[in-house]
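For reference, the structure discussed in these notes is given below.
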Number of protein chains: 2
Amino acid sequence: MNELTIGKLAKKAGVTIDTVRFYERRGLINEPARTQSNYRIYPEEEVAHLRFIKKAKELGFSLNEIKQLFKLQDDPKASKSDVKEWTEIKIWEIRRRIEDLSKILSALEQLTVSCDGHGPVSECPIIGVLSGDLEESKQHHP
Amino acid sequence: MNELTIGKLAKKAGVTIDTVRFYERRGLINEPARTQSNYRIYPEEEVAHLRFIKKAKELGFSLNEIKQLFKLQDDPKASKSDVKEWTEIKIWEIRRRIEDLSKILSALEQLTVSCDGHGPVSECPIIGVLSGDLEESKQHHP
DNA sequence: CTTGACCTTTGACCATAGTCTAATGTTTAT
DNA sequence: ATAAACATTAGACTATGGTCAAAGGTCAAG
Ligand SMILES: [Zn+2]
Ligand SMILES: [Zn+2]
Ligand SMILES: [Zn+2]
Ligand SMILES: [Zn+2]
């Protein structure tokens with residue numbers, strides 16, 4: 001069949017050679033077969049494997065989580081509910097991150113409207129709020 | 001006045017001693033005066049300084065950005081509009097992150113509804129989508 | 001005077017996800 | 001035959017924000 005050196009594999013999967021080797025070290029892909037000259041050779045299917053990693057990463061899974069997903073796939077006792085549970089946990093995590101960011105966002109939005117953008121920094125209400133409103137005499141900054 | 005050793009300062013500001021020294025190394029706080037025995041001594045106001053850092057961090061500013069904010073405060077040529085601009089950039093960054101996360105979220109939500117949660121992992125549509133729908137024969141995972 | 005609490009420094013280490021270098025070996029193309 | 005392109009390894013380095021350890025000096029209380 002079609003066997004790939006690490007360069008071809010990386011190109012097909014849209015990652016760098018270093019990344020492929022890094023994933024191998026991290027146990028995300030199997031140690032591949034080697035040629036007599038010690039070159040790694042991969043089956044075509046490994047491209048899909050790398051693309052899986054890419055997509056899962058885009059969906060917010062960490063490399064360790066992706067590793068767990070693979071384990072799940074290879075575990076005969078695992079069921080779909082395990083995968084579903086995982087995805088639901090991720091969903092909650094992301095919802096929380098969105099909530100946190102939204103809070104930060106509205107705090108920042110309130111700050112900007114409070115500042116008219118004219119005059120010296122010393123009078124800026126943004127800095128004022130960060131300083132605890134009217135504390136911090138002056139000039140002991142690095 | 002009231003002078004603080006690093007331990008008191010850290011406690012008052014709600015950070016660890018290590019963090020204070022770390023901020024000093026990173027140039028976020030000034031090198032403080034020393035006692036004869038080489039202990040750091042801080043003025044009370046440094047507490048506010050550390051709290052500023054804490055608040056700014058909570059608002060999504062990185063330590064380097066906070067350092068820039070301090071520079072801005074101490075720059076006689078800087079104006080409020082500089083600070084406002086910064087805050088507005090942060091606002092855009094956070095809006096983008098929220099957008100990205102929302103896309104990820106709806107992708108994940110669609111995935112979970114597609115899976116009934118019963119049966120073997122091999123039939124799980126979540127895994128299927130990640131694998132590029134029906135690729136990846138079997139069992140070459142670590 | 002000794003114990004414990006506190007301080008000092010340098011430097012290593014954690015997780016995350018790679019990226020890059022150096023020195024060396026192999027394959028391919030002209 | 002020789003150069004370019006590609007491969008190998010170990011290990012250092014990036015950024016972020018700290019955290020911890022070792023080995024020692026200082027200070028207050030009992
Ligand atoms: Zn695979
Ligand atoms: Zn302002
Ligand atoms: Zn200050
Ligand atoms: Zn499923």
Inset, instruction - Compare side-chain N and O positions of A/Thr5 against OP1 and OP2 of D/dC6 and report whether any pair is under 4.0 Å apart. - result: no

Legend entry - Ring centre gap for A/Tyr42 and A/His49 strictly below 6.0 Å: no

Inset, instruction - Look at the side chain of B/Lys57 and decide which nucleotide, out of C/dC7, D/dT8, D/dG18, has an atom nearest to it. - result: D/dG18

Inset, instruction - Would you kindly give the CZ-to-P distance between B/Arg25 and D/dC20, to the nearest whole Å? - result: 14 Å

Legend entry - Spacing of B/Phe61 atom CZ relative to D/dG17 atom C1', expressed in whole Å: 17 Å

Legend entry - Interatomic distance, B/Ile41 CD1 vs D/dC27 C1' [rounded to whole Å]: 15 Å

Inset, instruction - Give the rounded distance in Å between these two atoms: CG of B/Asn38 and C1' of C/dC6. - result: 14 Å

Inset, instruction - Hey, which sits more toward the 5' end of DNA chain C by its nearest nucleotide, A/Thr19 or A/Thr35? - result: A/Thr19

Legend entry - Comparing B/Lys8 and A/Ser37 on DNA chain C - which has the more 5′ nearest nucleotide: B/Lys8

Inset, instruction - Could you pick out which residue, B/Asp18 or A/Arg40, lies toward the 5' side of DNA chain D when each is mapped onto its nearest nucleotide? - result: A/Arg40

Legend entry - Nearest-nucleotide pick for B/Ile6, side chain only, options being C/dC7, D/dT16, D/dG18: C/dC7

Inset, instruction - Tell me which nucleotide among C/dT9, D/dT9, C/dT16 gets nearest to the side chain of B/Arg34. - result: C/dT9

Legend entry - For the student: nearest non-hydrogen atoms of A/Leu101 and B/Ile94, plus distance: O-CG2, 3.7 Å

Inset, instruction - Measure the distance from CD1 on B/Ile17 to P on D/dG18 and round it to the nearest whole Å. - result: 15 Å

Inset, instruction - Report yes if a side-chain nitrogen or oxygen of A/Arg21 is closer than 4.0 Å to either non-bridging phosphate oxygen (OP1 or OP2) of C/dT19; otherwise report no. - result: no

Legend entry - With B/Glu93 via side-chain hydrogen bond (donor to acceptor under 3.5 Å, both in side chains) - residues at least two apart: B/Lys90

Inset, instruction - Check every atom of D/dT19, D/dT8, C/dC7 against the side chain of B/Thr16 and return the nucleotide holding the closest atom. - result: D/dT19

Inset, instruction - Find the distance B/Glu24:CD to C/dT9:P and express it as a whole number of Å. - result: 8 Å

Legend entry - Side chain A/Lys84, main chain B/Thr112, donor-acceptor under 3.5 Å: yes

Legend entry - Any B/Tyr23 side-chain nitrogen or oxygen under 4.0 Å from OP1 or OP2 of D/dG17: no

Inset, instruction - Determine whether any donor atom in the side chain of A/Tyr39 lies under 3.5 Å from an acceptor atom in the base of C/dG25, or the reverse, and answer yes or no. - result: yes

Legend entry - N/O donor-acceptor pair under 3.5 Å between A/Asn30 side chain and A/Pro32 backbone: no

Inset, instruction - Determine: side-chain N/O of A/Ser62 to OP1/OP2 of C/dT16, distance under 4.0 Å, yes or no. - result: no

Inset, instruction - State plainly whether the residues B/Arg40 and B/Glu24 are in salt-bridge range, i.e. N to O under 4.0 Å. - result: yes

Inset, instruction - Write down the distance between CD1 (A/Ile53) and P (C/dA17), rounded to a whole number of angstrom. - result: 12 Å

Inset, instruction - In whole angstrom, give the distance that lies between atom CZ of B/Phe22 and atom P of C/dT9. - result: 16 Å

Inset, instruction - Compare the minimum distances between each of D/dG18, D/dT8, C/dT16 and the side chain of B/Leu63, then state the nucleotide with the smallest one. - result: D/dG18

